[in-house]
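Let me begin by presenting the structure, written as structure tokens, before commenting on it.
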Amino acid sequence: MDSEELYQLKSYFYQANYKAVIDHPLPEEDSPSYLPSLIYSLRARLALSPASPLPQAKDPSLAYRAVAAFSSYLRAADKVEGLDELREVVLEVEGEEELGWEEGVVRVLSATAFWREGETEEALDTLSAEGARRDLECVALTAQIQLSLNRADLAQKTLEAAKKWADDALLLQLVEAWVSLRTVRPSVRQTCTRVLNLSCQIPPNYNSSYYTFLELTTVPSPSATLLVNRAIAQLCQGNVPEAEGSLAEALEKDPSNPEALVLNARAGSDEALAKIKQVAPDHPMLKALSEAEARFEEAKTKWEVPPLATASA
Amino acid sequence: MQMLTKFESKSNRVKGLAFHPTRPLLAASLHNGTVQLWNYQMGTLMDRFDEHDGPVRAVALHPTRPLLVTGGDDYKVKVWDIRPQNRRCLFTLHGHLDYLRTVQFHHEMPWILSASDDQTIRIWNSTSRQCIAILTGHSHYVMCAQFHPKEDLIVSASMDQTVRVWDISGLRRSTPNQQQQNSFDSFEAFSTVKYVLEGHDRGVNWASFHPTLPLIVSAADDRQVKLWRMSDTKAWEVDTCRGHFNNVSSALFHPKHELILSAGEDKTIRVWDMSKRTAVQTFRREHDRFWALCAHPELNLFAAGHDNGLIVFKLERERPAFSLHGDTLYYIRDKYVRQHDLSTGSDVGVLSVRKLGNQYIQPRTLSFNPAERAVLVTSTADNGIYELASLPKDAGGELRDSTTDGKRGQGSSAIFVARNRFAVLDKNAQTIEIRDLNNTLTKTIKPPVQTNEIFYGGTASLLLSSPTSVVLFDIQQQKILAELSTQVVKYAIWSSDSVNVALLGKHTITIANKTLTQSSLIHETIRIKSGAWDDSGVFVYSTLNHIKYALPQGDNGIIKTLDQPIYLTRIKGKTIHCLDRSARPRTIMIDPTEYRFKLALLRNNYDEVLHIIRTSNLVGQSIISYLQKKGFPEIALHFVQDKNTRFELAIECGNLDVALETAVALNRPESWNRLAQQALKQGNHKIVETAYQRVRNFDRLSFLYMATGANEKLVKMSKIAEARGDQMSKFHNSLYTGDVVSRVNTLRDVGLFPLAYMTAKTNGLEDMANDILDAAGLTEADLEDVPTFATSTLKPPPVVTLTEQLQWPSLGGADNFFERALVEGRLAEGGAPYVNGTDAAAASAALDEWEGDNAIPAADQGDDEGWGLDEEIIPAVEEEEEEEAQADLADSAPGISEADLWVRSSPIAADHVAAGSFDTAMQLLNRQVGIVNFEPLKPLFLSIYRSSFAYLAANASMPPIQIPLRRQPTSSKPSQVFPIISQTLQSITSGDLQSAYRAVRSNELADAAKLFRSILHSLLLVVVASQTEAKELQDVISSCREYLLGVSIELERRRLVQEDPENVRRSLELAAYFTHCKLQPAHHTIALRNAMTVFTKAQNFATAAVFARKLIELNPAPKVLASARSVVTAGDRNPRDAVDFSYDQFTEFSICAASYTPIYKGSPSVIDPYTGARYLPEYKGQLDPLLELTQIGAPASGLVSFV
């Protein structure tokens, strides 16, 4: 079992409260939870500011190497080197037996990098290996990738499978919340199935995810990201004023949280849009917008504009 | 009053009867010792119990448990279990010393009451099976004893000429059955005689309580029926009903009406009025004396036992007379015609029919004439009478009686046939009279057939019901239009569009079209009560215990089970309106999905079928078998997940993919065999191969390989055969492959040396032949007498076409409407877990692999292990499946994005914009409102697109997940999700529109124009929730157009004044046109004032006065009013116009939005497809100047803003 400290650290990490992770003092070096804590701390750092360099490694554990490789992947202009290093670590992991949490870290980081590079299959493959089957972080990442692929059905399956052995873990709750935000509710087939009594549960929808986020944000110092997530859940529920409240709270907490800014820009704030361009220039929303603009320009040209009707004409 | 016999049986004398309170069961005890159990609804004998010795007089059914108690002349009380599967005598109660007269179960305690000729009444505990009380006091036979239905009382009648009432409350309080009872004294304490009723002069045969009132009725051998009343302290005789002329066997109260029924040995059943104690009716039987009578505790239903059997009957029909017109139901309750509005539920009495017939007879039919608001009411009294009365125009006030009109006559049925004519049937005389509304006879018709009843038959026609047919009869021409042979028809019900008619008989329904040329017949075993047509053309009807539906072609099914019969009056959607037996209107909700589904299927309305499949949760085993029966197995396939059923269906509709997939799942030899058969039929030899492999049908597999020319596989097969040690198979394979050496070797191996030798010899394998000879220990010399043969030409036919590689082409017919639609639906779900094409493909790919990977190695290692060992194969297969499952998790094929769903399911441009599908959005906008210039809409497009997604941060260092935001958070179907659109009609009308109005008021016209333009842009991409809102949207668009046009005109005028001050004429015109824009009154005054000022300035006083007058009409502020008045006076004083200009204030015109010139009514113009602004024809095809969006005069289908 994880020690109290490590558990706390993990919770912070999962709730995207990366600052708290970094500020959390590391345990004694000879304590068994030293290495995991260190890794989480480093990962939090990378999540917050991908470009920051890592402190020099003292210990060549696989997990540490993976973090280092991931960091170099994030920083370097040429991604190939970092990727190759990650692939190597994954291979080594596969060679080892009984690695425990380290394998999960390696796989999650590698898959993250692969996914970022567009290597969807490789990412999923990395996450679906035998050793990753029982690692919640791998499950969470798998679910996210599946959601991003618009395969909410698969994500739901992943979730259901994980529920069987890790029913109430914090991370799993979060995964469930993500999935419910994307689940298309039961369709014909499922309806029929239900009638024929052949096992089918209606997946809970927006409400359950709202409740999850609500619970996690009604703590003394909620993370801005979760507040934004709550706002999104509220938006999905159709409660616009409440969502605005949550968003304002999030912005107050962290005025440069990219997701908060995006949500703000969604509501029509051009100021926020400008700020995202500074804070997170490669945010998918910006990409989508510029693509949309290009599409617009292209589509527009298909229509020939006749001369304006004026009195002189 | 009528006695309606519902059931009759012939048997030995019936001495005792008992109804079951909730089931249609009747127990009858017979003088010959038999006890019968009847289902009187179906008319079947359910069971008989024959263990009593001698006559059985006493019988009773337990109200809640399946128990029967009987008492016979063998002194025994027997309790029976009546469940068919374990019917038997449970126990016998001994104790009585003489014949048993009656027995009864208590309604809540486990008690049995018995009355006996031994002068005692006993109460038994049926759990402990012991006697718990003996009531003594009667001094002669006790003929009858009954519990009070509610209170702790017993009434008994005895030959000692008394009726006694016993108080047994003491029995309930203690539980004496737990102690040992030895003496009679211990019983006495619990039950005491409360009253002794003396008055009869002979022995009393029967006494019973009133179900609710403190009354008792008794029947005695003095031929009298006496009524008694009880108070808390005493009981007294109320009155006597005299009339029976022999012993009265039984008497009881009617459970619903104030009536007493009695039956006697004078072969009559008599009905008495309870309050007047006068005889109401006597029903006489020719030969049979009545011995027993009993009433159903809940219903208007009675049974009487006589010398030769029993009858079950009811008194008076319960079917209320009613007639439906539109939403209004006219019906008769308690002798009042009532008007019931089905939509609002309001219910008022409109006419009294108290004096029609006699007081005990309810009117039989009601016919309503909407044109004259008149009703025809018939009654069976006096051999049939009818009355015609008009209804008051408005409900309320004192109700008239139908007799005041005085329009009445004789006739068994009377119905309206036209707005001023009605037909009356005189059944005895067999004439039909046509009368007008003054009840004057206009025509008499002799019906062409023996007519029992007439119904409306369409305009100027009648339906005549004869004992064997229904005749459609034309009144005018007096001729038969059509005839349909049916059983007796009791009611005819027309569908609302008068296309179909349902003819209801006792047990049959004939559904026919209006000319009676097409029909279908439905049989029911239970009586049919009523029916009504659904709007969709389904006939819904009620039987005694069900609501059912019938499709026009005759398919029928149950919708709902009923406790009590009802009379359907109307079906509207899911609601059934009906009247119950006490003529109270009720509504019942039903689920019409099943019959709608079947109807849609019947009418080949596949869209509807699909819609139902998608939206309803009907569908169970019955629907599946229905689909199968009707030849739609492929639809059924989509419902089923049960592997077995799926397999069967897939085989039936030849869907090999699904069949293969389910066969893999089932993995049973018989499924594989059936699959192989079906696949062989369709020539899909790949699947055949797989199936044969699975069941290891090597012979067939070999033959298949030969037939398809798969020589390599044949070689493998022979290896396998060798491994299996199956010589026959090896021989076959070598024959198929044409491998002579192997053939010879096989023959040698099995010791058939002669054959091996000959084979080798004839194929020119001399060496081998010699080897064989050696092995057989023979020499050539021994074979001299063997004839020589020519070289064998036997060899397998050459492969012409590589069938192995090819699949027989199959017709693409399987891809029918449903397949397509359902497959699409499934795809839209985002890839359902099964019957997904790729999965099936994966399955077959896996099989190929299996074949490739396992079969050959297995064959290769055949030397040491052999192939036939099951253990080897099955784990291999399982592994395969597991891997498949894993592969599933790693499945990385992207699904359908939500945005695609939006685009796919929405016809609204805004939704396409939100999905980022600008191309299709532009196409939609162009098609709907003719927009060609999209540049001005760009910011709008981008901001809508931007606002339709949120981004959710999930895992660390991962890009966020895109969360599509939906308009309706509760929508459950993928086909009904649409994106959120932040700008709503309300937000625009309450925000931008108001500021635009403000700009108009404050004369900031340039700003106003800009605002109106932007509003009109936004309105293009607004989504509304309802049809009314969509209309509102259109109104807002037109109104904005008028403002924009007006503002533009005024801006143009100001520009003109600035740039070309000389052109006063044009300036005046423009000012005048401005007043013609349809603005709100407050803004209209601005336009009018403006025109007034401009015209006055130009000294066109006359026209200025015209505007001033219009201004005054609008009731402006006092200051403005004053100035307007002065302009009017100026105009009156000086009615001239200084400047000539083109403005005709009297003709209607609209203004060309490009040239700002009038387009007079009737002159040609073209229209802006979006705003509806008008232009002169010469501007057709150009860009509209108001919004600069649309092509003037482009064809357009209209803005869609509502799904």
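Letters A, B, ... mirror the listed sequences (proteins, then strands); counts begin at 1. These figures come from a predicted structure and were not determined experimentally.
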May I ask you to decide if the ring planes of A/Phe296 and B/Phe941 are parallel, tilted or perpendicular, using 30° and 60° as cut-offs?
-> perpendicular
Looking at CD of A/Glu291 and OH of B/Tyr945, how far apart are the two atoms once the value is rounded to the nearest 0.5 Å?
-> 7.0 Å
Minimum-distance pair of heavy atoms, taken over all atoms of B/Leu942 and A/Ala292 = CD2-CB, 4.0 Å
Donor-acceptor pair, A/Arg295 side chain versus B/Gly916 backbone, under 3.5 Å?
-> yes
At a heavy-atom separation under 4.5 Å, does B/Ile1192 approach chain A through its side chain, its backbone, both, or neither?
-> side chain
Would you mind checking which part of B/Ser948 comes under 4.5 Å of any heavy atom in chain A, side chain (CB onward), backbone (N, CA, C, O), both or neither?
-> backbone
Choice from A/Glu304, A/Arg116, A/Gln144 maximising heavy atom contacts with chain B below 4.5 Å = A/Gln144
Check side chain to side chain donor-acceptor pair (under 3.5 Å) between A/Asn17 and all other residues, then give those that pass, not counting sequence neighbours.
-> none
Between B/Asn933, B/Val932, B/Leu952, the one whose heavy-atom pairs under 4.5 Å with chain A are most numerous | B/Leu952
Would you list the pairs meeting salt bridge (Lys or Arg N to Asp or Glu O under 4.0 Å) in which at least one residue belongs to residues 930-942 of chain B, sequence neighbours left out?
-> A/Glu293-B/Lys938, A/Glu297-B/Lys938, A/Lys300-B/Glu935
Under a 4.5 Å heavy-atom cutoff, which of A/Ala16, A/Ser148, A/Ala44, A/Pro284 has the most pairs with chain B?
-> A/Pro284
Nearest 0.5 Å, what's the CG-CD distance between A/Asn150 and B/Gln962?
-> 8.0 Å
Measure distances from A/Leu48 to the heavy atoms of chain B and classify the residue's part below 4.5 Å as side chain, backbone, both or neither.
-> neither
Taking every heavy atom of B/Pro960 against every heavy atom of A/His283, the minimum-distance pair comes out as CG-NE2, 3.6 Å
Part of A/Ala288 within contact of chain B (heavy atom distance under 4.5 Å) | both
Considering only heavy atoms, which portion of A/Leu273 lies under 4.5 Å from any heavy atom of chain B: side chain, backbone, both, or neither?
-> side chain
Roughly how far, to the nearest 0.5 Å, is the CZ atom of B/Phe949 from the CD1 atom of A/Ile232?
-> 13.0 Å
Which answer fits A/Thr225, side chain, backbone, both or neither, if we ask what part of it has an atom under 4.5 Å from a heavy atom of chain B?
-> side chain
Which atom pair, heavy atoms only, marks the closest approach of A/Leu263 to B/Ala950?
-> CD1-CB, 3.7 Å
Between A/Phe213 and chain B, which part of the residue has a heavy atom less than 4.5 Å away: side chain, backbone, both or neither?
-> side chain
Point-to-point distance, once rounded to the nearest 0.5 Å, from CG of B/Leu965 to CG of A/Leu235 = 5.5 Å
Chain A: which of B/Ile961, B/Leu1183, B/Thr1157 shares the most heavy-atom pairs with it under 4.5 Å?
-> B/Leu1183
Which atoms of B/Asp919 come close to chain A, meaning under 4.5 Å heavy atom to heavy atom: side chain ones, backbone ones, both, or neither?
-> both
Minimal non-hydrogen separation, B/Tyr951 against A/Glu259, with atom names = O-CG, 3.4 Å
Nearest 0.5 Å, what's the CH2-CE distance between A/Trp115 and B/Met958?
-> 6.5 Å
For chain B, find which of A/Leu289, A/Val262, A/Val175, A/Leu74 contributes the most heavy-atom pairs closer than 4.5 angstrom.
-> A/Leu289
Heavy atoms only: give me the nearest B/Ile963-A/Leu181 pair and the separation to one decimal.
-> CD1-CB, 3.8 Å
Highest number of heavy-atom pairs under 4.5 Å with chain B among A/Arg43, A/Arg266, A/Lys302, A/Met285 belongs to A/Arg266
Contact summary for A/Tyr18 and B/Asn955, nearest pair of heavy atoms = OH-C, 4.3 Å
